[in-house]
Chemist: 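Have a look at this one before I ask anything.
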Amino acid sequence: MTIVQFLILGAALFSIGVYGLLTRRNLVLVLLSVELMLAAVNLNMVAFESLLATTQALGQVFTVFIITIAAAEVGIGLAIVILIFRNRRSANADDMTLMRW
Amino acid sequence: MVASSLLLAADAHFGTEGGFFHDTAGVMIALPFVAFLAILAFGKRLPNQGGEIAVGALAINCIWAVAMFVQNMVSPVVTEYVFEIGRIGSGLSFELGWVIDGLAVMMYLLVNVVGVLVFTYAMGYMHGDRRVPWFFAAFSLFAGAMLVLVSAPNLIQLILGWEGVGVASYFLIGFYWEDLANVKAGNKAFMVNKLADVGLLLGAAILGVVMGTFSFSELEHLAAEGSAALGGVAVTAGLLLFFGAMGKSAQFPLHIWLPDAMAGPTPVSALMHAATMVTGGIYLMARTFPLFEHLATDARVVMVTIGTITLFAIGLLALVADDIKKVLAYSTVSQLGYMMTAVAAGGYTAGVFHLFTHAFFKALLFLGAGSVIHAVHSNNMSDMGGLKEHMPTTYRTFVIGSLALAGIFPLAGFWSKDEILATLGHEGWTAVMWIAIGGAFITAFYMARCIALTFHGTYKGHGHPHESPSIMTGPLVALAVPSVLFGLLNIPGVSIPGIGSFTEWLAVRGVPMGDHHAESIDFFLAGVGLAAGVLGLLFGWLLYGKDKETQQARDSFEIPLLYPLFRRKYFLDDLADGITHATMGPVARFVNWTHTYIIDGIVNAVGGLMVLLGRFVYNGLDQRGVDGIVNGLSAITDGAGGVVRKWQTGRVQQYAAAFVGGAIVLAAVFMFVI
Amino acid sequence: MIADLLSNFWVALVAKLLLVALAIPLIGMVVGFGEMKLSAKMQARVGPYFAGGRWGWAQLLADGIKFFQKEDLIPRDADKPVFKFAPVVVMMGTVALFVVIPWGPGLIFRDLSVGIFYALAISSLTTVGVLMAGWSSANKYSLIGGLRAAGQMIAYELPLVFSALAVVIMAGTMSMQGIVEAQIEAGYPFVILQIVGFVIFVIASLAELSRIPFDLPIAESELVMGYLTEYSGFRFLFFFLAEFANMFSMSAIAVTLFLGGWYLPGIPADALEYLGPVILVVKSLILVFAMIWFRWAFPRVRQDQLQSLAWKWLIPISLANVILTGVFKVVL
Amino acid sequence: MTFDTWISEPSNWAFSVVGLATLLAGFRVVTAKNVVHAALFLVGAMGGVAALFLLLSAEFVAWALVLVYVGAVIILLLFGIMITRAPTGIDETLSGDKRALPGVLAVALFALITWASVEAFGDATLATIGDPTSTDTLGEMLVTRFVIPFEVVGFVLLGALVGGITIARRDLTPLEEEQRGGLA
């Protein structure tokens, strides 16, 4: 297996995530897209570790960190979505234009 | 470990070995903080909402304070206990600890004794109020911070205590934060103090960096030896320290926070703005007195000038105030002016002695005012009157306090004020001395007015006022005693056998304070001072003794006939308030204050001119010039904002798209171009 | 001969698949039958009696055949793909769990180095299936049941993981075989030192399995049948079998972690080759029996009681248990 | 390396199958017209990524991904979706109508990264495939070299926990607060 095949797969997954991030209106789906991007990054991390063959599992350590942060992010993000939904009866990103001029 | 600096005190004529109370004075300093935490933790559950903890802590502290004070009388000790906390490089070390000498011991006594009385009083005054535990917690914090301040062996700890006092006062002034005005008063006090703190910090930094030490005792010795290095920075550093003291001790023109700071509960005013907090600045000047005595002599002219303006001009304001606490507040500022003038003029003992006596009778007056306010539920004297019959104890003690403040023989104020006058005369500040005598006249005048309006005539408020409970009158009586007697502690030339005199106690310092001590009473000066007081009382009584329905009736009828300047001044006071509190910059404020006082002090005509000048500055410079620039700038900003805000659609995903696009472009640039 | 055949990858694969395909219904039926008879006994009833002659042993088989011939109903408003896929997901989680159960020395589908971790990870798949089932049925009882299952699962996942973690600390490995061997080496089953962890593990697995007293997701008296309300026919059978198989596999994991797995002292090592599976099954069935017993011993808890038990008691206690175990491990 | 030699490696078959499935699932995550379907496809995508981790012999991380995502994150998301009243059936308003620019951006991003990867690594092959990384190594790294980040992450999680509760908590009405008895 070559490193490039994983990198390309990661890039594709990441781009898909970006696409979702930019097009999805539902905030929960935006969160999902972000998870997808994070997963792509994780894939790259692990692939690079295999390439470098360190004895220290560096890539996996970072993957563990990313997973942890992602979990925290989902927790907070979902709390915010629920709060927004409760206050505005909508979970659409387009409706959240309160910070506009 | 304790590094008792024996060397520093070796050349003094006092002992250097502390006794039990000296060794453990740190407990005294720590106790209010323990009380603070304890009240926060358990205050709610106690029957008196934490008041008992606060009073208990200070009552225990009193044991130390009194024991050390007595020991200072019998066998004086000068020493300090310091613990090193940290160090910069090899030279500059940061230490915490406590100082034992005449000045510090006097302050311990003052803070703790006045504190415990005010706390006791507050238990009655605050009963059933909002957030009582928080009140006592903040109050304990305040007392603790004040102890940290006065026990400081070096500038760093002094600043620590100084800021602690500032924070605690902020909490307490804004105690009734539900009312916006109180919050603003708290903010104002904090801001003004912060402005002044810049001076203190800079001064401390200069001394620390140039001299390599923050320690007061070392600086004292250097000053006494006439160190050339210290001499080089003495005037700058001295003036900066003085600027800090101006803020805390409410010297003109930084006094503006103090009258507003009356927004807090009355016990707070009594403890903070009469007895302890505002004395912080005077204490700093007294603590660093050798610096000004030996090296920074040039700075003293500035200090005396500011002190004199403060003592005279601000005193005048008390004549027209309707709020009884404001009268006392202006009076406090004026008395602080006396102290500052005295210390600056070289009267270390005179200034600190006035601080000492003033603490008792001003606390007494504030507590008396609080008692009245408690009874009539209003701060305004126009709602009072005739309370003599209803509140006999409050009345009697209030009169004692007023007489003491007015400097009537043989009460405390007479002796301390006389000492200041004598010092001013001896040091050659004759003009200042006469202004101070005029100030004494004004002091007596407004106190007479205050008593007449509050306690005589007929009652104009609502409901039926009653005497306050004994938990409140008790402290009043307890404070009345020192207000009467403590002046006798320092009769010039008299040293009570076995006890000594205040002058001797206060002279217990690491290096001798070279101030002048009169050998006998100067009967001429004493007579003039007393006459000024009596005349002031008489005058005030004649003007205000007769009852009028309302304050307005008095002002519109009685005052214009006899003293038209007051009415004029009253109007200008409003103007000053209005404009000062609006957006005017410091320049405009200076012009305004200047012309307020010139009119009051000298001539009507000059005042008119000043009004014109003020208007010119306001309309011409400020409104058209400064405001024009500001408006122009804001118009430009507004226009630019109008264009740019279109980009701000509030749609997160558009921002994200822009971000992603930008990242792609940047990455592409890095890859292909660079 | 057979060994040679099995060494071929494909043959082995087919054999293993067959084994699983047979084992799970078999285990499910054994457990289900046990539940029927034991419940009957505890309630002083007779239970199935006629099917298959003695004791009605073929009752469950007959039930299964009945389920197969029933009409496969799907509600009109249901989300059909999800509705159809949900039982499969549940079954997948169940089957995957069997991969790491050690039946005897060397007798394990795959001795992963992260075995217990894998087991805990994969067991949550069941909950996704339940949530899918609850949502796709387009029925408010189902949805509430699914949500309850999810909330319950999130709450009890932590004590489950923590109590397993304490065992991992004791054993110094996450491999299931390694844990069993560690217990053999230590000379005692971990339950002796990990009694707290064991109790928490059993409570948490009861909650994960939605067994009484934690059966709020199906709670017949409140939610008709919870997320199962709209299922019928063989899809219902899938859930049914999965539940019983899950009971067994969770018990087997508990046995492996705390009760010494396939090992029993006093049995010679070569006999364990053959007796290991029997020992494991017997031990597991004892736990399964306890679970069935609980069903008739405890009343159902309320939703708030369920949550506060997990968050206010089990998680702190299991955390303390982990810390204590760590200290214990370091000190010794 | 030619495609022939590449595809003759069995692990690359597995990679192709799993990778394609992952991509497909990922694509459906961002295009599905039903929120719940999108979340379920994310389960698939995460499962695919976990399988790829297994291919790279990162066993612990793979199952950690499953445990965290399938076990917690997705459940939480589904929970959130269902609390915010996800209807069954198709919802056309889930995606915005302006999809051209995001599409262009995504393709550009993909092209850029791909080009950079190929440019940088060519056909460098992965060194170690075989023994799974031992969890010991991972754990030891976490508590030695990366102990500070590890602690920080712990604090972040704690913060997220408290923050999540605080944000999502409904403010009680005064009546309810009274019923709870003061401290609540």
Side-chain angles (χ1 to χ4, degrees), chain A residues 1-9 11-20 22-26 28-29 31-33 35-36 39 42-43 46-47 49-51 53 55-58 60-61 63-65 67-76 78-83 85-86 91-92 94, chain D residues 11-12 15 19 23 26-27 29-30 35 38-39 42 45-46 49 52-53 56 58 61 64-65 68 72-73 76-77 80-81 83-84 93-96 99 102-103 105-106 109-110 113-114 117-118 121 123-129 133 137-138 141-142 146 149 153 156-157 160 163-164 167-168:
Chain A
M1 291 189 286
T2 63
I3 178 79
V4 173
Q5 69 195 60
F6 284 97
L7 296 186
I8 291 175
L9 184 64
L13 218 48
F14 190 82
S15 304
I16 289 172
V18 167
Y19 176 78
L22 298 183
T23 52
R24 288 305 211 175
R25 290 173 70 196
N26 187 304
V28 176
L29 292 177
L31 277 180
L32 289 184
S33 307
E35 296 305 320
L36 214 53
N42 282 340
L43 189 61
V46 175
E49 187 198 316
S50 283
L51 178 73
T55 53
Q56 298 180 313
L58 295 182
Q60 295 187 39
V61 169
T63 308
V64 169
F65 285 151
I67 292 175
T68 319
I69 297 292
E73 174 242 318
V74 166
I76 291 285
L78 205 61
I80 293 173
V81 171
I82 287 177
L83 188 71
F85 182 80
R86 193 185 293 142
N92 272 1
D94 287 2
Chain D
S11 63
N12 282 341
F15 173 83
L23 277 184
F27 188 69
V29 169
V30 298
V35 205
L42 186 65
M46 287 298 167
V49 173
L52 289 170
F53 283 2
L56 290 165
V61 187
L65 197 75
V68 173
V73 171
L76 209 60
L77 281 171
I81 291 168
I83 282 180
T84 52
T93 64
L94 284 179
S95 288
R99 299 188 200 159
L105 281 178
L109 191 63
F110 174 67
I113 299 176
T114 306
S117 309
V118 173
F121 295 101
D123 50 5
T125 46
L126 294 177
T128 52
I129 303 294
T133 316
T137 320
L138 200 62
M141 288 311 290
L142 278 179
F146 291 101
V153 162
V156 168
L157 262 186
I167 294 172

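In the text below, chain A, chain B and the rest are named by the order of the sequence lines, each starting its count at 1.
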Chemist: Contact part of Val18(A) toward chain D, heavy-atom cut-off under 4.5 Å: side chain, backbone, both or neither?
Modeler: side chain
Chemist: Hey, does Leu7(A) have a side-chain heavy atom less than 4.5 Å from the side chain of Ile113(D)?
Modeler: no
Chemist: Where on Leu105(D) is there a heavy atom nearer than 4.5 Å to chain A: the side chain, the backbone, both, or neither?
Modeler: side chain
Chemist: Between Leu78(A) and chain D, which part of the residue has a heavy atom less than 4.5 Å away: side chain, backbone, both or neither?
Modeler: side chain
Chemist: Under a 4.5 Å heavy-atom cutoff, which of Gly163(D), Pro149(D), Ala39(D) has the most pairs with chain A?
Modeler: Pro149(D)
Chemist: When you look at Thr63(A) and Gln60(A), which way does the side-chain hydrogen bond (donor to acceptor under 3.5 Å, both in side chains) test go after all the steps?
Modeler: CA-CA 5 Å; Thr63(A) 308; Gln60(A) 295 187 39; over 6 Å; no
Chemist: Please classify the contact of Leu43(A) with chain D as side chain, backbone, both or neither, using a heavy-atom distance under 4.5 Å.
Modeler: both
Chemist: Identify the two heavy atoms, one from Ala72(A) and one from Leu157(D), that lie closest to each other, and give their separation to 0.1 Å.
Modeler: CB-CD2, 3.9 Å
Chemist: Pick one of side chain, backbone, both or neither for Ile69(A), based on which atoms fall under 4.5 Å of a heavy atom in chain D.
Modeler: side chain
Chemist: Of the backbone (N, CA, C, O) and the side chain (C-beta and beyond), which part of Glu73(A) lies under 4.5 Å from a heavy atom of chain D, both, or neither?
Modeler: neither
Chemist: Considering only heavy atoms, which portion of Ala45(D) lies under 4.5 Å from any heavy atom of chain A: side chain, backbone, both, or neither?
Modeler: side chain
Chemist: Is any side-chain heavy atom of Leu9(A) less than 4.5 Å from a side-chain heavy atom of Phe15(D)?
Modeler: yes
Chemist: Above 12 or not: heavy atoms from other molecules or residues under 6.0 Å from CZ of Phe27(D)?
Modeler: no
Chemist: Please confirm whether the backbone N or O of Val30(D) pairs with a side-chain atom of Arg24(A), one donor and one acceptor, at under 3.5 Å?
Modeler: yes
Chemist: For a side-chain contact (heavy atoms from CB on, under 4.5 Å) check, start with the C-alpha distance between Val29(D) and Ile16(A), then their side-chain angles and the critical distance, and finish with the verdict.
Modeler: CA-CA 9 Å; Val29(D) 169; Ile16(A) 289 172; over 6 Å; no
Chemist: Can you say whether Phe146(D) sits under 4.5 Å from chain A via the side chain, the backbone, both, or neither, judging by heavy atoms?
Modeler: both
Chemist: Pick whichever of Leu52(D), Leu142(D), Val49(D) has the most heavy-atom pairs under 4.5 Å with chain A.
Modeler: Leu52(D)
Chemist: Counting heavy-atom pairs closer than 4.5 Å to chain D, which one of Leu32(A), Leu58(A), Thr68(A) comes out on top?
Modeler: Leu32(A)
Chemist: Between Gly75(A), Ala12(A), Ser33(A), which shows the greatest number of heavy-atom pairs under 4.5 Å with chain D?
Modeler: Ala12(A)
Chemist: Measure Leu23(D) against the heavy atoms of chain A and call it side chain, backbone, both or neither at under 4.5 Å.
Modeler: both
Chemist: If we only count heavy atoms from C-beta on, is the Phe6(A) to Leu51(A) side-chain gap below 4.5 Å?
Modeler: no
Chemist: Between Gly17(A), Ala11(A), Ser15(A), which residue shows the highest count of heavy-atom pairs closer than 4.5 Å to chain D?
Modeler: Ser15(A)
Chemist: Side chain, backbone, both or neither: which part of Val68(D) has an atom under 4.5 Å from a heavy atom of chain A?
Modeler: side chain
Chemist: I'd like to check Phe14(A) versus Leu36(A) (side-chain heavy atoms, cut-off strictly below 4.5 Å). Are they in contact?
Modeler: no
Chemist: Do Val46(A) and Asn42(A) make a side-chain contact, defined as non-hydrogen atoms from C-beta onward lying under 4.5 Å apart?
Modeler: no
